[in-house]
Amino acid sequence: MKVSVTSEIGTLKRLLVHSPDSGLGKVVPSKAQDWLFEDIVHLDTIRKDEYDYYTKILLYFLDPEKIKGKLNEIDSTQNNRGFYKPEHQSFYKSDKVIELQWLLSEILNNSDIKTKLVSSVCAIEGCTYQIQNELLNYEPTELAKTLISGTSQERQLLFAPIPNFIFTRDIGITIKDHVLLNKPAKKARTREALLAKYIFFNHPLFADYTNKIIELSDSHHSFLLPKEDDERKITLEGGDIMVVSENHILVGVSERTSSEAAVKITQTLFEMGLMDKVTIVKIPKKRDYMHIDTVFTQVKRDVWVMLGNFSRKAVKHEDESAVERILEIKKEEKIKILQFHRSNPENPISFESLEDLLVDISKTDLKCTNEVRFIFSGNNEFPYSAREQWTDSCNLLALKEGVVLGYDRNDKTTEAFRNAGFTIIGVKELLQQLENNSITIDQIKDTFILMPSAELSRARGGFHCMSMPLWREPIN
């Protein structure tokens, strides 16, 4: 199975996803923030009316044989969504739109892996020995479901759910033909990292790549650091990594990814000869931003969507009077950008604004000769820019260059896409057109596909977060 990612926008051929499991329906208000959710979601709606459309559009683009001409049958009431349920016999089982729960149940057929993984989960979750023994008697499909949702086959909550498992971007990142595994900053995500590690090291799909999995270990002294020095520990989530060209990677330093991790990643990639340039983008450690992919994502070689706070204009205070500028009335949010080169790491290049960096990527790395364009969150209008960034207007997934998925609720951002010459279409309408052959995948160009998002957006992550690309076609 091919694993290769050298850009953010090359035609997507294979990715890892996880559809909302019953654990999302167990998030309670008092624990929502501990489990990194802003609110509680309605499970039936998030599945049937929202995420299922994501599954359908992914299959249409990546594995059409599974779905073409079968939509009415798949969505008929008597099938009770079996097509979308990893434990169901009529599950779609695609090796292009790959479901984590399905992979997990497959590795659990091996009794040695099953014993080790159950023991590891029970250790980190503080389970009794009796529960551990009971779990060892579960069938693989039931056990996979329990290890993810936290709920036993008797519907008892054994341990906390891992609702963030739908954000597969954060479990790891594909860098060329290597996979970098994460080290989550928050305790709520420890089990996700463990399950992902077992899948990557043990599933036959990744058999050719086990020696190409990169794990970051903590530095020796980190175990001796006091609690207040936690930020000096190595923590990494995939939303802070972007492979923007074959030899250039961006690493965010954020609320979730530490400076220590950025240093380690840079050194590791240079030593392995995997990258010639690593740009470290340090953003404010705020819940609003979380990862760099909540602040910007790429749409085309020469088109980016981003939050206006980090534009050239905002950084230079061009809209302010001289007195305002000098008195620093509007204290801007600082972003620090340093680009390190493998041949000369002692002399990094500094960028004043995020906009400058993205223009440089388009022109230097991707050889764009035309003007680089920016689509701003909320059309850069107050207060919509901040409101819509909060509901992931900047967190878009490119299915191929110029064709992106985003939330339908971000009206002003959608308007900005329309003004930039993009076709705007709702996913339901597009699926209908694909199903009745009035359009083909190849004919879809420069299009913003609007996805239903009332419940999904409460989880604080867009489609960039909900995808771990394993293979994109090269763009050159």
Side-chain angles (χ1 to χ4, degrees), residues 3-10 169-185 193 197 200-201 206 208-222 231-254 256-283 291-293 296 298 335-351 354 356-367 468-472 474-476:
V3 169
S4 173
V5 173
T6 53
S7 79
E8 280 280 309
I9 51 170
R169 176 78 51 161
D170 291 326
I171 65 168
I173 202 84
T174 310
I175 303 171
K176 292 186 174 174
D177 60 349
H178 286 62
V179 172
L180 171 65
L181 293 183
N182 83 344
K183 278 179 76 70
K197 183 190 298 193
F200 280 108
F201 276 107
F206 305 108
D208 294 341
Y209 295 91
T210 47
N211 62 343
K212 292 186 173 183
I213 297 170
I214 305 167
E215 292 187 275
L216 299 183
S217 57
D218 275 313
S219 54
H220 300 308
H221 69 268
S222 71
E231 60 186 42
R232 286 177 56 199
K233 293 188 172 164
I234 288 177
T235 64
L236 158 73
E237 292 186 8
D240 279 315
I241 310 275
M242 286 187 197
V243 179
V244 287
S245 76
E246 199 169 354
N247 294 304
H248 187 189
I249 193 168
L250 309 185
V251 179
V253 172
S254 66
R256 304 285 180 84
T257 299
S258 65
S259 299
E260 301 278 330
V263 170
K264 188 95 178 211
I265 292 163
T266 305
Q267 288 171 340
T268 303
L269 296 178
F270 283 169
E271 282 163 16
M272 295 175 78
L274 272 179
M275 288 286 153
D276 293 333
K277 287 193 283 192
V278 177
T279 302
I280 295 176
V281 181
K282 205 169 185 177
I283 60 173
H291 300 127
I292 57 171
D293 72 355
F296 68 97
Q298 193 170 10
I335 184 165
K336 188 178 179 185
I337 302 169
L338 286 174
Q339 187 174 97
F340 293 86
H341 291 245
R342 183 157 67 110
S343 56
N344 188 9
E346 290 83 12
N347 294 302
I349 296 164
S350 174
F351 290 88
L354 181 59
D356 291 336
L357 168 68
L358 303 182
V359 167
D360 185 68
I361 291 167
S362 291
K363 291 194 173 294
T364 308
D365 297 318
L366 305 176
K367 311 291 184 240
M468 182 186 167
L470 292 170
W471 176 22
R472 284 189 184 273
I475 55 171
N476 294 328

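Just so you know, residue 1 is the first one in the sequence shown, and it goes up from there.
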*Asks:* Quick one: CG on Asn347 to CG on Leu338, what's the gap to the nearest 0.5 Å?
*Replies:*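 That separation rounds to 11.5 Å.
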*Asks:* By salt bridge (Lys or Arg N to Asp or Glu O under 4.0 Å), which residues pair with Lys176, not counting sequence neighbours?
*Replies:*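 Testing Lys176 for salt bridge (Lys or Arg N to Asp or Glu O under 4.0 Å), a comparison that skips the adjacent residues, returns none.
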*Asks:* So how far is it from Ile337 CD1 to Leu357 CG, rounded to the nearest 0.5 Å?
*Replies:*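 Answer for the CD1-CG pair, Ile337 versus Leu357, is 5.0 Å.
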*Asks:* Give me the one residue out of Ile175, Leu181, Asp177 that meets side-chain contact (heavy atoms from CB on, under 4.5 Å) with Val179.
*Replies:*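 Running side-chain contact (heavy atoms from CB on, under 4.5 Å) over Ile175, Leu181, Asp177 with Val179 returns exactly one hit, Leu181.
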*Asks:* Can a donor-acceptor pair be found, under 3.5 Å and without considering hydrogens, that links the side chain of Asp170 to the backbone of Glu237?
*Replies:*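 Answer holds: no.
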*Asks:* Do side-chain atoms of Tyr209 reach the backbone of Val3 as a donor and acceptor pair under 3.5 angstrom?
*Replies:*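 Here the side-chain-to-backbone pair exists.
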*Asks:* Going from CG on Leu274 to CZ on Arg342, what distance comes out if it is rounded to the nearest 0.5 angstrom?
*Replies:*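 That separation rounds to 9.0 Å.
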*Asks:* Nearest 0.5 Å, please: how far is CD in Glu215 from CZ in Phe200?
*Replies:*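 If I round to the nearest 0.5 Å, the distance is 11.0 Å.
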*Asks:* Can a donor-acceptor pair be found, under 3.5 Å and without considering hydrogens, that links the side chain of Thr174 to the backbone of Pro469?
*Replies:*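 It does hold such a pair.
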*Asks:* Among residues at least two apart in sequence or on other chains, which ones pass side-chain hydrogen bond (donor to acceptor under 3.5 Å, both in side chains) with His178?
*Replies:*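 Scan of His178 (side-chain hydrogen bond (donor to acceptor under 3.5 Å, both in side chains), adjacent residues dropped) gives none.
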*Asks:* Going from CG on Asp356 to CG on Leu358, what distance comes out if it is rounded to the nearest 0.5 angstrom?
*Replies:*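 With rounding to 0.5 Å, CG (Asp356) is 9.0 Å from CG (Leu358).
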*Asks:* Mind checking whether Val253 and Lys336 have side chains closer than 4.5 Å, heavy atoms only?
*Replies:*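 No - every pair of side-chain heavy atoms lies 4.5 Å or more apart.
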*Asks:* Is it the case that the side chain of Ser258 and the backbone of Lys233 share a donor-acceptor pair, with hydrogens and angles ignored and the cut-off at 3.5 Å?
*Replies:*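 Checking the backbone N and O of Lys233 against the side chain of Ser258, a donor-acceptor pair under 3.5 Å is found.
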*Asks:* Test of understanding: with side-chain hydrogen bond (donor to acceptor under 3.5 Å, both in side chains), list the residues that count as partners of Asp293, not counting sequence neighbours.
*Replies:*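 side-chain hydrogen bond (donor to acceptor under 3.5 Å, both in side chains) check on Asp293 returns Asn395, His464.
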*Asks:* Any side-chain donor-acceptor pair under 3.5 Å between His248 and Thr279?
*Replies:*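 Short answer, yes.
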*Asks:* Is the side chain of Asp240 donor-acceptor paired with the backbone N or O of Ile292 at a distance under 3.5 Å, no angle test?
*Replies:*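 Judged by distance alone, yes, a pair lies under 3.5 Å.
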*Asks:* Within the supplied structure, the quantity of interest is the number of heavy atoms (other residues, nucleotides, ligands) at a distance under 6.0 Å from Lys282 NZ; does it exceed 12?
*Replies:*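 Atom NZ in Lys282 is not crowded, with 12 or fewer foreign heavy atoms closer than 6.0 Å.
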*Asks:* Atom OG of Ser254 and atom CG of Leu236: how far apart are they, to the nearest 0.5 Å?
*Replies:*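 If we round to the nearest 0.5 Å, Ser254:OG and Leu236:CG are 9.0 Å apart.
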